[in-house]
Amino acid sequence: MTEITLRLQQGDTETTVSVNQDEFTIGRLPECNLYLPFGGISRQHARLVKTTDGVWKIEDLGSKNGTQVNQNLISHAQELHHGDTIWLGNVNLVVLFANHAMQCVPNHHVAAAAAEPRTIFRNVKQLQQQWIEADSKDGEPSNKDKTIARLKDLVDIAKNLCAAASIEEIFSQVQQVVFRYLDSIDRLALLIDVNGCGNLELVNAGTRDISQQKYLAGDGNWISRSICQKVFEEKVAVQTADTHKDERFSGEHSILVKGIRSAMAVPLWDENKVVGVLYADAHLSSYHWANEGEEELSFFSALANLVASSVQRWLLAEKLKTEEVIRHRLERYHSPAVVQQLIAVGGLPDGRLAPAESEISILFADLVGFTAISERLTPTAIAQLLNNLFEEMLEEVFTYGGTLDKYIGDCIMAFFGAPESQPDHADRATAAAKGMLARLERINANGFWQEPLQLRIAINSGKAVVGDVGSSQRVDYTALGATINLAARMEAVCPPSECVISEATYMMLSQSSDFQEMGHYRFKGIDRLVKVYQTKSVLS
């Protein structure tokens, strides 16, 4: 009589195989000692070895789907005992030693293996109460007692999730609960639609085996993306008890390579919005989830409902943080109304505005005689003067929906028509210029400075490239192009306390009676004569 026998179960067929040598190979190749031409079996899958002290061990030979002993994936040679169940793909082998009575062998593994594989699809609403109201079994607490206990558990879980402030804390709470209640789960992942565009991102993952944690990082290629996408798009909870036998997942690279036998995924569904997916998998074979899967899926779904609320709060908090950063940055350039509009339309990926060609009117406002003024003042006094003056003048720019480009010494550079298109940008720019001159006259009358101040303002209209320009260390929102260069040159011919505009701007005005022709001028770097107009009267 041989020392060891393998009882093979494949479908409804049961076969006993004698191991008659100290090294015994199993695989899909005909030359293997045990030839298994079935799906999920590698050509040389595993090997049984008898050691010198008479101990039988099994080792995996680098198979694609791995070798399991009693539902545990082996990574090195493992000792075998009477009654152990070896899983190779969809085939199981029960280990029988000659000195043990055959009737003592537990047969429930074999019976369950013959069961048909299955995949559960459930509407999440159908599962909300199922775990709480699970049927009691003989020797267990009554259904009412179990329901109360489980409600208390969910309340405690909800409290902990509510206290979690970051996505890391949320996942940590979820991981503790899942690994405590669901012994079948090996790995867990939280995927979230962070940007609300239907693209699931892996935000965190965990494993029961801490030594394997480092392998979960990266792009999450171990996750079944097809299962997650189906759950996300169709708002269904999915549990597949044997992925290898389910044609729907036959093309899944992660399932085939990583040897995943069972997977479970539920949507993070808060009312009518799905914000993500809670995903778990295991190397278990079908018998476990065929018996207990419905109840575990129900609990997993109930937990996901609680997680969804926490994730929604986190997403909202992150959105508010991002908006605050964007708002703080943009308020340097735009009026509050324009900032709010930019945030509302979601036109700021990563808080940056990509350079784009726009039709704008550019305005330069320069303080007359600043060099002479600064000669008489300390640096602190100069800074105070400019800060107070710019504060007053910027009010007029923002009143007409303008954008501050930058301060150039004592000069204000602003434009109209971007980032939001303004068909009347020329009217806005000239109205802002007249408002600046009128405001300066008023504050001069009220003793704004020890002597009256004057501005020269020049405006030109045309095409320009507008957007964030700079390096990775520093970015400025600015306008570039020939239109800007001409406006800067025109300022030199502007009389004090007046505004000059180009012919291009003049032709765009809806009401041009406030301007009169000043003459034709040639400017440095401009190879043509430019007709210039100036204000007739600031306070008409």
**OP:** May I ask you to decide whether E79 forms a salt bridge with K57, counting only side-chain N to carboxylate O separations under 4.0 Å?
**Re:** no
What closest approach, in Å, do [X] and [Y] show between heavy atoms, and which atom pair accounts for it?
X    : Y    : answer
I227 : A265 : CG2-CB, 3.8 Å
D405 : A479 : OD2-N, 2.9 Å
Q422 : F416 : OE1-C, 3.5 Å
V465 : P355 : CG1-CB, 3.9 Å
I360 : A418 : CG2-CB, 4.0 Å
F97  : H82  : N-ND1, 2.9 Å

Mind checking whether [X] and [Y] have side chains closer than 4.5 Å, heavy atoms only?
X    : Y    : answer
T67  : I26  : no
L191 : F232 : no
L48  : L34  : no
L36  : L8   : yes
H45  : D60  : yes
L190 : V174 : no
M264 : V238 : no
S224 : D281 : no

Subject >> Criterion side-chain contact (heavy atoms from CB on, under 4.5 Å) on I86 and L80, from CA distance to verdict >> reply: CA-CA 9 Å; I86 301 170; L80 291 172; 4.2 Å; yes
Interatomic distance, [X] atom [atom1] to [Y] atom [atom2] [nearest 0.5 angstrom]:
X    : Y    : atom1 : atom2 : answer
S63  : R28  : OG    : CZ    : 11.0 Å
L200 : C228 : CG    : SG    : 6.5 Å
Y279 : L268 : OH    : CG    : 15.0 Å
F415 : I484 : CZ    : CD1   : 8.0 Å
S18  : L96  : OG    : CG    : 10.0 Å
D84  : N72  : CG    : CG    : 10.0 Å

Is there a donor-acceptor contact under 3.5 Å from the side chain of [X] to the main chain of [Y]?
X    : Y    : answer
R208 : F179 : yes
S42  : G62  : no
E201 : V203 : no
N70  : T85  : yes

Original post:
Is there a side-chain contact (heavy atoms from CB on, under 4.5 Å) between L93 and L88 once you walk through the steps?
Top reply: CA-CA 8 Å; L93 302 166; L88 309 168; 3.8 Å; yes
Subject >> Passing option when F24 is tested against V17, V49, I4 for side chain to side chain contact (heavy atoms under 4.5 Å, CB included) >> reply: V17
**OP:** Could you walk me through whether E31 and T25 pass side-chain contact (heavy atoms from CB on, under 4.5 Å), step by step?
**Re:** CA-CA 9 Å; E31 53 263 36; T25 58; over 6 Å; no
Original post:
Heavy-atom count around Q44 CD within 6.0 Å, excluding the residue itself: above 12?
Top reply: no
**OP:** Quick one: do T207 and R187 satisfy side-chain contact (heavy atoms from CB on, under 4.5 Å)? Show the steps, please.
**Re:** CA-CA 4 Å; T207 176; R187 299 182 295 195; 3.9 Å; yes
Original post:
Between T51 and D53, does a side-chain hydrogen bond (donor to acceptor under 3.5 Å, both in side chains) hold up when you go through it step by step?
Top reply: CA-CA 5 Å; T51 64; D53 54 357; 2.2 Å; yes
